[in-house]
Structure formats: structure tokens, C-alpha cells
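Counting convention: from 1, in listed order, for ligands and their atoms alike.
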Amino acid sequence: MSSTKKVAVITGSLRAESKTRTMAKAIIAEAPEGLSFEFADIGDLALYNEDLETDTPPAPWTAFRDRIKGADAVLFVTPEYNRSVPGALKNAIDVGSRPYGKAVFSGKPAAIVTASPGGIGGFGANHHLRQSLVFLDMPVLQQPEAYIGGLWEMFDDEGNVKSEDTRKFLRAIADAFAALIERSTKALENA
Ligand code: FNR
């Protein structure tokens with residue numbers, strides 16, 4: 001990879017002991033050289049309201065937008081809430097999508113990893129999020145698809161992945177995402 005690419009990491013759970021945040025860290029640990037990661041926090045974003053879209057929008061909105069603007073790519077790691085995207089994450093998508101014509105997500109390659117204690121692995125959230133990212137014109141990693149079940153048994157007390165197979169799968173996701181970022185960057189340079 002030519003130069004280090006910055007990846008903003010957005011997790012859909014706000015709780016301190018979030019397992020999907022642990023999952024995000026595990027993916028980062030498996031990522032190849034050439035990528036750097038920074039979490040973009042979404043917990044302090046006011047609910048999106050067009051009335052607040054003035055010359056001085058809420059400071060957390062501006063900080064979030066600047067963080068995404070400064071990134072080359074976005075990694076989403078999220079649980080599923082009621083078979084869909086957690087409200088806090090959908091709000092972050094909405095905040096980043098406006099003002100009209102200035103969506104900070106546009107064109108940035110993305111990967112979506114959903115995880116759940118159950119067997120379905122957040123499939124509903126994964127594809128609802130995918131739907132929004134299509135509208136935002138983000139090239140989204142297609143394969144490997146990442147609907148990860150068994151979330152509550154996945155890590156030891158230090159946050160290490162217990163299963164070697166799972167670790168390999170997380171590495172495969174990170175490698176495929178790095179390749180997508182590389183391809184997308186080249187395509188932009190040649191455009
Ligand atoms: C859930 N959970 C859940 N799980 C799932 O697989 N499908 C679902 O539709 C839901 N719905 C849901 C709604 C709400 C409001 C909560 C709080 C939870 C369970 C969820 O996957 C579990 O709590 C995860 O551990 C949440 O991820 P974090 O917080 O550990 O990152």
C-alpha cells in the first residue's frame with residue numbers, strides 16, 4: 001500500500017462494556033500494515049434536527065464530521081437492535097450525511113461487521129446499514145460478509161479472541177478491507 005490510510009471506526013453500541021467495541025479492537029489487531037485506526041465516537045451527537053443546521057451547528061456534530069472527513073475509509077462494527085441498526089448509529093449516519101450535498105461519508109470505502117450473542121449475527125442490522133451506505137455512495141466491502149454470532153463467548157477477560165478460527169476470520173475481513181481501500185484509492189487517483 002502506497003501510504004498509510006486512515007480508517008475511522010464507528011461502533012453502534014454506547015455502553016462501556018460493549019462487546020462490539022471489543023470486536024472492533026480485535027479486527028484492528030489483525031489489520032495489515034498500511035492502515036491506521038481512530039474511533040469516531042457517536043454517543044454525544046444530538047439527535048439530528050435540521051433546525052440545528054445553522055452556521056454554528058452543535059460542536060459534537062462538527063467534531064464528528066471533521067473526523068470522518070479526515071479519514072480515508074470507515075469501519076462500522078455494530079450490534080443489531082430489533083433486527084435493525086441501533087438508533088445512535090443511524091443518528092450518526094444522518095449527522096454525517098448533511099448539510100445536503102456535503103455528506104462526509106461520500107465515496108469513502110466502508111466495511112460493515114455486525115455481531116450478536118445469537119446465531120443470526122446481526123444480519124438485519126448489517127443490511128439495513130448497507131442500504132444507507134448505498135445512498136451515501138460508499139463502496140462497501142462485499143466479501144467476506146461478516147455476521148458474527150456467539151458474541152458473548154468470543155473473548156477472554158482481557159479482550160483476546162478465544163478461537164483461532166475466529167481470529168483468522170477477523171484477519172480475512174481486515175485484509176479484504178485493506179484491499180478495497182487500496183483499489184478505491186487507486187480508482188480515485190486515476191479518475
Ligand atoms: C438487542 N440485542 C439484539 N440482538 C440481536 O441479535 N438482534 C436484535 O434484534 C437485538 N435487539 C436488541 C435491542 C436492544 C435495544 C438491545 C439493548 C439489545 C442484543 C444485543 O445483540 C446484545 O445486547 C449485544 O451484546 C449488544 O452489543 P454490545 O453492547 O455488547 O456491543
**Set of side chain to side chain contact (heavy atoms under 4.5 Å, CB included) partners for Ile28, sequence neighbours left out** = Val9, Phe37, Phe39
**Asked** Any side chain to side chain donor-acceptor pair (under 3.5 Å) pairs touching residues 19-30, not counting sequence neighbours?
**Response** Ser18-Thr20, Glu30-Arg167, Glu30-Arg171
Smallest separation among heavy atoms of [X] and [Y], with atom names:
X      : Y      : answer
Leu141 : Pro144 : CD2-O, 4.4 Å
Leu35  : Ala178 : CD1-CB, 3.9 Å
Asn126 : Ala146 : ND2-O, 3.2 Å

**Complete:** Under 4.0 Å from one or more heavy atoms of Ser13, ligand 1 contributes atoms 28 (P), 29 (O), 31 (O)
**Asked** Counting each atom of ligand 1 from 1 as listed, which ones have a heavy atom of Lys19 under 4.0 Å away?
**Response** 28 (P), 30 (O), 31 (O)
**Request:** Identify the protein heavy atom lying closest to atom 7 (N) of ligand 1, giving its residue, its atom name and the separation to 0.1 Å.
**Result:** Glu80 OE1, 2.8 Å
**Asked** How far is atom 14 (C) of ligand 1 from its nearest protein heavy atom, and which residue and atom name does that atom have?
**Response** Tyr81 CD1, 3.6 Å
**Fill in**
Under 4.0 Å between heavy atoms, the region of Arg15 that gets near ligand 1 turns out to be side chain
**Asked** Is it the side chain, the backbone, both or neither of Pro79 that has a heavy atom closer than 4.0 Å to ligand 1?
**Response** side chain
**Message:** Please confirm whether Pro117 approaches ligand 1 to less than 4.0 Å, judged on its heavy atoms.
**Reply:** yes
**Asked** Does even one non-hydrogen atom of Asn82 get within less than 4.0 Å of ligand 1?
**Response** yes
**Message:** Ring centroids only, cut at 6.0 angstrom: are His127 and Tyr147 within range, meaning strictly under it?
**Reply:** yes
